[in-house]
Amino acid sequence: MTRYLITSALPYINGVKHLGNLVGSMLPADLYARYRRARGDETLFICATDEHGTPAELAALDAGQDVATYCAEQHEVQKTLGEGFGLSWDYFGRSSSPQNQELTQHLARVLWANGHLEVRTTKQVYSHAEKRFLPDRYVIGTCPHCGYDRARGDQCENCTRVLDPTDLINPRSALSGSTEIEIRDSAHLFLKQSTFVEPLRAWIDSHENDWPNLVLSIARKWLDEGLNDRGITRDLEWGVPVPDDIGDGLMKGKVFYVWFDAPIEYIGATKEWSDAAGKPDSEWQKWWRPERQSDVTYVEFMAKDNVPFHTVGFPITIMGSGENWKLVDRIKGFNWLTYYGGKFSTSQKRGIFMDKALELVPADYWRWWLMANAPESADSSFTWEHFASVVNKDMADVLGNFVNRVTKFTVARFDGKVPGEGDYGEDEKLLIAELDKRVAAYAGYLEDIDFRKALAELRAIWVAGNEYLTKAAPWTHVKTDRTKAAVGVRMGLNLVHLFGHLAWPVIPASAKAVHEAIMPAPEVIAWPDQPMAQYLDSLEAGHEIHPPEVLFAKITEEQLAEWKARFGGEDAD
RNA sequence: GGCAGCGUAGCUCAGUGGUAGAGCAGGGGAAUCAUAAUCCCUUGGUCGGGGGUUCAAAUCCCUCCGCUGCUACCA
């Protein structure tokens with residue numbers, strides 16, 4: 001049986017992530033990982049913070065910390081928030097780890113040995129004030145085309161023209177404002193991507209049927225436009241050092257570009273995981289260097305901006321190594337989640353961030369709404385009104401109220417115990433047939449990693465429970481035919497039990513609470529494998545149940561108004 | 001400017017050649033076990049505009065309009 005390796009795109013270190021980041025990679029990866037575990041599959045779910053690069057250095061500068069301290073702190077912040085959202089990582093690593101450094105250097109060495117890297121001289125902007133090289137975007141000056149005086153070295157934001165830092169009039173450092181800058185030659189390693197076009201195309205074509213259109217079209221666009229060789233080193237201090245033995249001795253003091261080492265951290269974090277557990281190297285290697293590629297099914301989750309690096313950049317690193325590293329099997333890409341149709345924006349404080357979100361409502365509310373409305377085929381839009389109406393209706397009314405009405409009635413009329421009288425009849429058979437079909441459809445959508453449809457099916461399963469209960473109407477029968485009422489209640493309780501199992505991958509904390517209405521819940525709530533006829537008649541007569549407190553408090557009009565005002569609704573820009 | 005995606009009921013979205021769909025919201029009814037929750041029935045769209053291909057187009061082609069994003073050292 002194949003093992004499942006699951007990775008989520010690495011959240012960048014410079015601050016708390018917003019809900020768009022969450023829904024685009026970490027949350028769907030968690031849902032899928034939980035589903036695999038529920039089915040009993042051997043599963044490893046890996047994530048990490050992406051810590052290198054100039055933005056991290058600048059954020060640290062802002063915070064008045066050295067970059068290592070800053071990253072260590074922010075890593076803990078992101079780890080805590082992820083756990084708050086129920087993200088069930090087997091390991092949440094750091095791209096700055098020694099393990100990643102070792103692996104990154106190893107892969108660079110074999111690429112160098114295989115002739116896939118070459119040294120080229122490039123022109124870089126050096127700032128005397130900062131005593132460092134500046135990335136293009138951190139050089140500002142007057143645009144030669146439109147005269148805008150705050151144009152960036154990569155592009156003028158006013159006239160949108162693409163620029164080179166040397167084009168700027170009166171160039172200066174965006175960090176200090178210093179004009180003491182000069183253009184210096186600097187040697188860098190380039191990955192000869194152009195030689196990989198054919199194998200990449202063949203590989204991508206082989207996934208014609210199991211990758212989403214979004215992923216295929218982005219990957220092919222890059223190949224069609226011609227792959228440029230790509231610089232994989234930078235003149236920075238914070239990063240994985242380039243080893244002396246590659247690059248003809250010209251790489252002293254340089255580090256790898258963050259996009260080179262970040263995907264390698266998928267492997268690095270796996271090694272961090274096995275090292276932390278005191279396990280031998282064979283433990284992480286069985287995931288990344290399996291005997292046969294088919295021993296591991298590797299699934300990656302990411303937003304669409306990340307697709308090129310996972311369909312082109314990282315695969316070239318793997319292919320070019322000539323070693324038997326595991327290549328990704330399935331890539332699930334997401335579009336953008338928008339906030340009232342506009343972009344989530346950290347700088348403009350527009351949208352909702354993970355820390356604030358958890359202060360408002362439990363994580364499962366977000367998990368449900370985000371995955372039920374995941375931007376799978378197109379961008380999707382968050383609005384407070386929609387969020388409140390979906391959460392109140394689906395979770396509180398359809399699921400929560402079902403659990404509540406069945407369990408409360410059991411206490412009121414059947415002594416809080418599963419009644420054993422009577423046999424299932426025609427109504428129960430119809431329900432069982434419907435649920436056999438729906439549970440299979442729900443599983444099918446999860447296998448296909450088609451989340452919106454999966455959650456719509458899960459909701460339909462809950463609705464089927466309400467429909468059944470209305471038809472069975474034990475509250476009516478209990479007055480005249482206690483046995484008939486008992487049948488309805490017994491089925492109702494079995495449905496509660498079922499719902500707890502089916503909902504666990506999506507809303508784990510709530511599913512646990514539902515499960516515990518019937519009996520104590522295990523760490524991993526297993527998938528119901530039996531046919532429904534058997535499963536829905538599995539609770540023992542006389543078993544005592546425990547009605548939960550209100551499972552899902554509804555979002556009130558007052559809360560809605562307050563949150564809209566606090567976070568900015570449609571009027572905010 | 002170039003490129004990509006999108007534009008289907010009031011709202012959020014399915015549907016990619018064969019008589020327009022779901023959920024929510026709206027309207028009517030049933031029930032009263034329950035967080036006034038649930039269940040049944042129902043109103044509602046010339047599928048952004050125009051042109052073309054086809055026996056047949058929301059679905060393929062062209063064009064126009066609108067929205068969003070990307071445009072490579074930005075993670």
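To find a chain, count down the sequence lines: A is the first, B the second, and so on, and within it residues start at 1. Keep in mind that what you see is a predicted model, and the values were worked out from it rather than measured.
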C1'-based separation of rC11(B) from rA25(B) [nearest Å]: 7 Å
R459(A) vs rA22(B): side-chain N/O to OP1/OP2 distance below 4.0 Å: no
Nucleotide nearest R452(A) (side chain, heavy atoms from C-beta), chosen from rU32(B), rC39(B), rC13(B): rC13(B)
Y12(A) side chain, from C-beta outward: closest of rA75(B), rU35(B), rU12(B): rA75(B)
Which nucleotide in rU35(B), rC33(B), rC13(B) has an atom nearest any side-chain atom of S381(A): rC13(B)
Parallel, tilted or perpendicular: ring planes of Y365(A) versus F552(A), cut at 30 and 60 degrees: tilted
Quiz item: cation-pi between K332(A) and F334(A), 6.0 Å / 45°: yes
Side chain of F409(A) (C-beta onward), nearest among rU35(B), rC39(B), rC33(B): rC33(B)
Residues Y266(A) and H310(A): side-chain donor-acceptor under 3.5 angstrom: yes
Residue R230(A), side-chain heavy atoms: nucleotide from rU38(B), rU12(B), rA72(B) that is nearest: rA72(B)
Atom pair distance, as rounded to whole Å: CZ in F334(A) and P in rU68(B): 23 Å
Side-chain N,O (K554(A)) to OP1/OP2 (rA37(B)) below 4.0 Å: yes
Any K393(A) side-chain N or O less than 4.0 Å from OP1/OP2 of rA37(B): no
Pairing nucleotide - rA30(B), Watson-Crick or G-U, each distance under 3.5 Å: rU38(B)
Sugar-phosphate only, base, or nothing, as touched by K453(A) at under 4.0 Å among non-hydrogen atoms: sugar-phosphate
R490(A) with E421(A): basic N within carboxylate O range, under 4.0 Å: no
Interatomic distance where NE2 belongs to H386(A) and P belongs to rC24(B) [whole Å]: 11 Å
Closest-nucleotide 5' rank along RNA chain B - winner of L551(A) and T338(A): L551(A)
Pairwise C1' distance for rU63(B) and rA56(B), with rounding to whole Å: 23 Å
Sugar-phosphate, base or nothing in reach of V478(A), heavy atoms under 4.0 Å: nothing
Between rU38(B) (P) and K471(A) (NZ): distance, integer Å: 18 Å
Touch class at under 4.0 angstrom, heavy-atom based, for W259(A) against every strand present: base
F382(A)-W384(A) aromatic ring centre distance below 6.0 Å: yes
CA sep, side-chain torsions, deciding dist, call: E544(A), K417(A), salt bridge (Lys or Arg N to Asp or Glu O under 4.0 Å): CA-CA 4 Å; E544(A) 191 169 351; K417(A) 291 177 180 151; 5.2 Å; no
Salt-bridge criterion met for E467(A) and K471(A) (N-O under 4.0 Å): no
Pair partner, rG66(B) [Watson-Crick or wobble, under 3.5 Å]: rC6(B)
Nucleotide paired to rC11(B) in any strand shown, Watson-Crick or G-U, under 3.5 Å: rG23(B)
Value in whole Å for how far the P atom of rC40(B) lies from OH of Y468(A): 15 Å
Separation between the C1' atoms of rG15(B) and rC33(B), rounded to whole Å: 38 Å
Base of rA34(B) paired with side chain of N401(A) (donor-acceptor, under 3.5 Å): yes
rG27(B) and rU68(B), which share atom name C1', separated by this distance in whole Å: 36 Å
Whole-Å gap separating P (rC13(B)) and CG (N373(A)): 7 Å
Lys/Arg cation over aromatic F414(A): R482(A), 6.0 Å, 45° cone: yes
Touch class at under 4.0 angstrom, heavy-atom based, for D50(A) against every strand present: sugar-phosphate
Nearest-Å distance once atom P is located in both rC64(B) and rA4(B): 14 Å
5'-most by nearest nucleotide on RNA chain B - R413(A) or Q124(A): R413(A)
Touch class at under 4.0 angstrom, heavy-atom based, for S380(A) against every strand present: sugar-phosphate
Atom-pair distance (CH2 on W384(A); P on rU12(B)), nearest Å: 17 Å
Sugar-phosphate only, base, or nothing, as touched by F552(A) at under 4.0 Å among non-hydrogen atoms: base
Whether W475(A) stacks on the six-membered ring of rC33(B) base, 5.5 Å and 30° limits: yes
Length of the OH-C1' vector between Y365(A) and rU35(B), whole Å: 10 Å
Listed nucleotide nearest any side-chain atom of K408(A), set rA34(B), rC40(B), rU38(B): rA34(B)
P spacing across the pair rA9(B) / rG50(B), given as an integer number of angstrom: 16 Å
Integer angstrom distance from the P of rA20(B) to that of rC47(B): 11 Å
Ring geometry between F409(A) and W475(A) (parallel below 30°, tilted from 30 to 60°, perpendicular above 60°): perpendicular
Closest to side chain of V550(A), choosing from rU12(B), rU35(B), rU32(B): rU35(B)
OP1 or OP2 of rC74(B) under 4.0 Å from side-chain N/O of Y138(A): no
Nearest-nucleotide pick for S389(A), side chain only, options being rC24(B), rU35(B), rA31(B): rC24(B)
Identity of whatever pairs with rC74(B) - Watson-Crick or G-U, under 3.5 angstrom: none
Sugar-phosphate, base or nothing in reach of V258(A), heavy atoms under 4.0 Å: sugar-phosphate
Atom pair distance, as rounded to whole Å: CG in L469(A) and P in rU35(B): 14 Å
Nearest listed nucleotide, side chain of P55(A), among rA75(B), rU38(B), rA34(B): rA75(B)
Rounded P spacing from rG44(B) to rC3(B) in Å: 43 Å
